[in-house]
Amino acid sequence: MSTPQLDKTYDAKAVEARWSEVWNQQGYFHASPTHTGQPYCIVIPPPNVTGSLHVGHALNHSLQDILIRWRRMQGRNVLWLPGTDHAGIATQNVVEKQLMAEGASRESLGRERFIERIWQWKAASGDTIIRQQKRLGESCDWNRLRFTMDEGLSKAVLEVFVRLHEEGLIYRGERLINWCPRCLTALSDIEVEHEDIKGKLYSIEYELEQDPTMRLTVATTRPETLFGDSAVAVHPEDPRYNRLIGQRVRLPLTNRTIPIVGDAILVDREFGTGAVKITPAHDFNDFEAGERHGLPRHPIFNHQALLDPEGLKTAGVEQELIDVIAALPVTKARPKIEQALKDRGLLTKVDDHKMAIGKCYRCKTVVEPYLSPQWFVKIKPLAEPAIKAVEDGRIRIIPEGWTNNYLGWMRDIKDWCISRQIWWGHQIPAWYCRACNKDLIVEGTGATASSQRLTILQGATAIVGKAAPSTCPTCSGTDFIRDPDVLDTWFSSALWPFSTLGWPDQTPELKAYYPTSTLVTGLDILFFWVARMIMMGLKFMGDVPFRDVYIHALVRDAEGQKMSKSKGNVIDPLHVMEQFGTDALRFTLASMASPGRDIKLAEERIEGYRNFANKIWNATRFSLMNLDGPREAVQPSNRAFPDRWILSRLNQTIQSVTSELEAYRFDHAANALYQFIWHEYCDWYLELIKPTLQNQASLEGPGARQTLVETIETTMRLLHPFMPYLTEEIWHQLPHQGESIVVQNYPIPNIAWTAPEMDQRFALLEHSIGLVRTSRVLLNYPPGQQITFYLAHDDRRRQDDLGELRNYLAHLGRGTVDLAPTTHWPAGKLLRLVTEGLSVGIAVAGDVDLNKALDRITKEQSEQTKEIERLEGKLRNQEFTAKAPPEVIADHQNRLTNLRRDQSMLASSAQQVQAMLGS
RNA sequence: AGGCGGAUAGCUCAGUUGGGAGAGCGCUGCCCUUACAAGGCAGGGGUCACAGGUUCGAUCCCUGUUCCGCCUACCA
């Protein structure tokens, strides 16, 4: 029988393109509720539809694919459901930029044509990431690809919105929200990133109305907001100020006076001057303080965060000043205001001050607390069951450490602002009767972008429903205007685990695969997404959306820096796949996925695993070159030592890879595979069986060839989830049954393979060969040179083992073995090394320099002496012998005995070498 | 400010009932030995951040300190 000859190096590119195609054509990834097996389902965290694959996706998706392929091979009814989200703000920003380049804008196009334009962009670029995912080898059921703005998913969004509204869990109200003056939309609290900056703390004097010679000094980081002040607060128990409570101060640069109020919540007596201005329309704390004291709100910025002349006028600001600062951004207006205050002697101090500012997570613009009517989800009633589900273990977060993070956040959760003032997304299903809300609907008709805005003011009556109402229940009017806002993208992705399975329809998929099994995601969206899925799943499905949440690390560059395009330190997974192969990338990411630690990814690591792939390829190449000849499935226990040993090791590797995967320890599983394949299978097993394979007459040949095929085929199945392409290719080169490794069984431990006595025997072999090789180097014998060496072990059973191993020792030691007891060894011209009861002797030929060998022996001696002293010291300690467990004491004594014996033998060896040097 | 995580070989990281410190990469030396130079063999290299405590015994458990990350936050 002749076997095909493989190329000398593994060509990942050619192999990957071929199998990716076949897998998808054959439909191996297609899931069905009617398939057999216990369901196992993962829904993919939907990436941005117009994005492209970055290395964070590569990690996230590789881990999911490992789980999915593993479970599929285990015979589970597996569904990995792929899809993308519409990424409202991000996608709209991209298309707006395109329009800007063309000299157009979304306003010039109008809402309908603008949305059309985004759909076009989605159609053009939406396949990119999907193609890239396929290239990564992801075994998703691509026929079930979902998108958050699909008809079905939009139906789910509508259903959820209307039902939550009916139950009073969605409401509209005018609140201070985080506003991005560049994206011109509201953001939720968690869409704001905080950044520490060096700011200034300004001390400004407010004159008392009753007595202008007396002044109250307030401290602020934002002097420009003083125009919007409604009061000054002091601590009610602060003896410096509390007698002033109830009096009024003149607000600088305006014609207004404002009250001094006592507020123990807002005021920290220790900070600044102990007096703080209250600006309810522009600060979250002040907003609440304003509520407490019934203070008016004076908005002085417009939606672009420019100083608004109308607002300033209403706030009573001096007209000359308004003329100077109107329509300026804060950065330009602040120096002018500073100057005006200085001119009047009211700015007494400016200190450096560290502070935090909020930035838009999409565009990094400084966000502004902005007073506006928005839609909110009343979150507490939804959060409570979601806290419980994690507390009582119905949902497990892995690593466990993040559980408290989740619980802490959920317990302190605030209402969720879900309306966005953009056009791309699910438009809110709320309508307003024009007749009833005449004064509350403000439709701009100007030519500029900002003057075209449609604003529905606070207090307008909204009619929420799945479709536009036909007549107004109040006035029977028929003229309606729809709320222009769209929903936060996360509102639709919160429904992902059930909306993708067909909800609100009761589909067989929903029945089979919900709750899903595992969610794999990064920490950065634990709150954005995971928490919200749990809330929505419990609310609308009455059950958790998934059992396990596995949180993986963030991928950083080799220096530990966050990857970003602007820093230019991004590792492009596609480039890496091109250069080193997809399997190498996948294996690298898996092997570095240690819990609770970020991944610092360096290309050298990937290169190392490319080499690993090549090593496996060459092991196969070797096997195929040596398969000619009969094979016989001998009972494992009747096979030769190398075969029995490697089966035993393979068996243990199967056990550990399986249990590590069950524990989500991808790193451990990958390392177990690496260690076994490279350092046991290749380094030792293949070397051990070479003489047998190359001797056609060997009686052990049929068993060895059988073991060779059996082990490599099993190993490929074991490795397949990690390196799908390489293993598929090799599997097809080997004798096999079936059409693809994708649908083969995952290896399970085989009791008949366990052979602990072979493991022990191997340890002796490895130990012996190690000493022989060391001796060779010490004596400068070239690797190929045949030598005579002596081996003896102190332990009778080990000595018997040496006899069993004689042929293997001779082969790997490259020489002739003599197993006589040490007392029979030649007296002179011999280098002896001793460790752990094993003595190795090599004949010293001619005029080699023995100093190297002597150094080595001396070093060994001093290390041993140190250890002996340490052990003796411990055993002399009566407290140790009285209190330590007996097995520990016995172990110490054993080690000491062995070391003393080794030491005396080594001493005689040293004498011998010295004698040779002396002569 | 609070919470969490981390600090172990030159680098990246493993290391649980507390008892002789490990891997990968890199480095040094030798070798193109018929699967693989993307390889083989051998080797050097560590007060386990610091200071206390518990213990017969601490890289591991406890307390504190320093440094580095991340998350949360209403100190104007």
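For the pair A/E879 CD and B/U54 C1', the interatomic distance rounds to 14 Å; values are reported in whole Å. At whole-Å resolution of the value, OH in A/Y681 and C1' in B/G39 are 18 Å apart. The nearest whole Å value for the distance from the OH atom in A/Y685 to the C1' atom in B/C36 is 18 Å. Remark: P of B/G39 and CZ of A/F612 are 12 Å apart, rounded to the nearest angstrom. Remark: C1' of B/C56 and CZ of A/R876 are 15 Å apart, rounded to the nearest angstrom. Atoms CD1 (A/I599) and C1' (B/U12) sit 11 Å apart, rounded to a whole Å. Atom-to-atom, NZ of A/K874 to P of B/G19 comes out at 9 Å; the value is rounded to the nearest Å. What separates CD of A/Q675 from C1' of B/C13 is a distance of 15 Å, to the nearest Å.
The phosphate of B/C75 (OP1 or OP2) has no side-chain N or O of A/K354 nearer than 4.0 angstrom.
Within a 6.0 Å sphere centred on CD of A/E400, heavy atoms belonging to other residues, nucleotides or ligands number 12 at most. Heavy-atom contacts from other residues, nucleotides or ligands closer than 6.0 Å to NZ of A/K852 number more than 12. The 12-atom threshold is exceeded at CD of A/E887, counting heavy atoms of other residues, nucleotides or ligands nearer than 6.0 Å.
Between B/G44 and B/U54, the two C1' atoms lie 38 Å apart (nearest whole Å). Separating the P atom of B/G43 from that of B/A38 is a span of 24 Å, rounded to the nearest Å. Using atom P as the reference point in both B/U28 and B/C70, the two lie 35 Å apart (nearest Å). Across B/C36 and B/C41, the matching C1' atoms stand 15 Å from one another, rounded to whole Å. The separation of B/G24 from B/A14, taken at their P atoms, amounts to 16 Å, rounded to a whole angstrom. For the C1' atoms, the distance linking B/A42 with B/A35 amounts to 22 Å, nearest Å. Using P as the reference atom, B/G10 and B/G46 are 7 Å apart when rounded to the nearest Å. B/U59 and B/U16: their P atoms are spaced 14 Å apart (whole Å).
For the residue pair A/L187 and A/V367, the shortest heavy atom distance occurs at CD1-CG1, 3.8 Å.
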Working note: A/E191 + A/Y361, criterion side-chain hydrogen bond (donor to acceptor under 3.5 Å, both in side chains); need CA distance, chi angles, decisive distance, verdict.
CA-CA 6 Å; A/E191 285 167 319; A/Y361 83 130; 3.2 Å; yes
Stepwise, does the salt bridge (Lys or Arg N to Asp or Glu O under 4.0 Å) test hold for A/K866 with A/E863?
CA-CA 5 Å; A/K866 238 168 78 182; A/E863 275 169 11; over 6 Å; no
Could you go through A/F666 and A/Y550, starting from their C-alpha distance and side-chain angles, then the distance that decides it, and tell me whether this counts as ring pair (Phe, Tyr, Trp, His ring centres under 6.0 Å)?
CA-CA 11 Å; A/F666 300 95; A/Y550 173 75; 5.3 Å; yes
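Two residues, A/P782 and A/H668, neighbour RNA chain B, and the one matched to the more 5' nucleotide by heavy-atom proximity is A/H668.
The side-chain contact (heavy atoms from CB on, under 4.5 Å) check on A/R856 picks up A/T774, A/L778, A/E860, with sequence neighbours excluded. In this structure, A/E237 has no salt bridge (Lys or Arg N to Asp or Glu O under 4.0 Å) partners at least two apart in sequence or on a different chain.
Within the nucleic acid shown, A/L266 comes within 4.0 Å of at least one base atom, counting heavy atoms only. Using a 4.0 Å heavy-atom distance criterion, A/R665 is classed as a sugar-phosphate-only contact. Using a 4.0 Å heavy-atom cutoff across all strands shown, A/R222 reaches no nucleic acid atom at all. A/G274 comes within contact range of at least one nucleobase, with a heavy-atom separation under 4.0 Å. Using a 4.0 Å heavy-atom distance criterion, A/F284 is classed as making no nucleic acid contact. Residue contacts shown for A/E270 are absent, as no nucleic acid heavy atom lies under 4.0 Å away. Contacts of A/Q785 with the nucleic acid, taken as non-hydrogen atoms under 4.0 Å apart, are absent. Nucleic acid contact class of A/K8 (heavy atoms, under 4.0 Å, all strands): sugar-phosphate only. A/N614 comes within contact range of at least one nucleobase, with a heavy-atom separation under 4.0 Å.
Between A/F580 and A/Y609, a ring centre-to-centre spacing not shorter than 6.0 Å is recorded. Checked against a 6.0 Å centroid threshold, the rings of A/F789 and A/Y781 do not count as neighbours.
At a non-hydrogen distance threshold of 4.0 Å, A/K883, A/A884, A/P885, A/V888 from residues 882-893 of chain A come into contact with RNA chain B.
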RNA chain B in dot-bracket, Watson-Crick or G-U pairs under 3.5 Å, [ ] crossing, | other strand?
(((((((..((((.....[..)))).(((((.......))))).....(((((..]....))))))))))))....
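A 4.5 Å side-chain heavy-atom check between A/W684 and A/I646 finds every atom pair outside the cut-off. The side-chain heavy atoms of A/F527 and A/N405, taken from C-beta on, include a pair separated by under 4.5 Å. A heavy-atom distance below 4.5 Å is not found between the side chains of A/S230 and A/H293. With a 4.5 Å cut-off on side-chain heavy atoms, A/L251 and A/L226 count as touching.
Side-chain proximity of A/S594 to B/C13, B/C75, B/C36: nearest is B/C13. Taking every side-chain heavy atom of A/Q694 into account, B/A35 is the closest of B/A38, B/A35, B/A76. Relative to the side chain of A/R610, the nucleotides B/A38, B/A76, B/C25 differ in distance, and B/A38 lies closest.
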Between protein and nucleotides 40-45 of chain B, what N or O pairs are separated by less than 3.5 Å?
residue	atom	partner	partner atom	Å
B/G40	OP1	A/K615	NZ	3.0
B/G40	OP1	A/W678	NE1	2.6
B/A42	O3'	A/T774	OG1	3.4
B/G43	OP1	A/R856	NH1	3.4
B/G44	OP1	A/K859	NZ	2.3

Any N/O pairs under 3.5 Å between the protein and nucleotides 70-72 of chain B? List them or say none.
none

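For the atom pair OG of A/S623 and CG of A/L693, the computed distance is 8.5 Å after rounding to the nearest 0.5 Å.
Annotation: cation-pi geometry satisfied between A/K690 and A/F622 (NZ/CZ under 6.0 angstrom from ring centroid, within 45° of ring axis).
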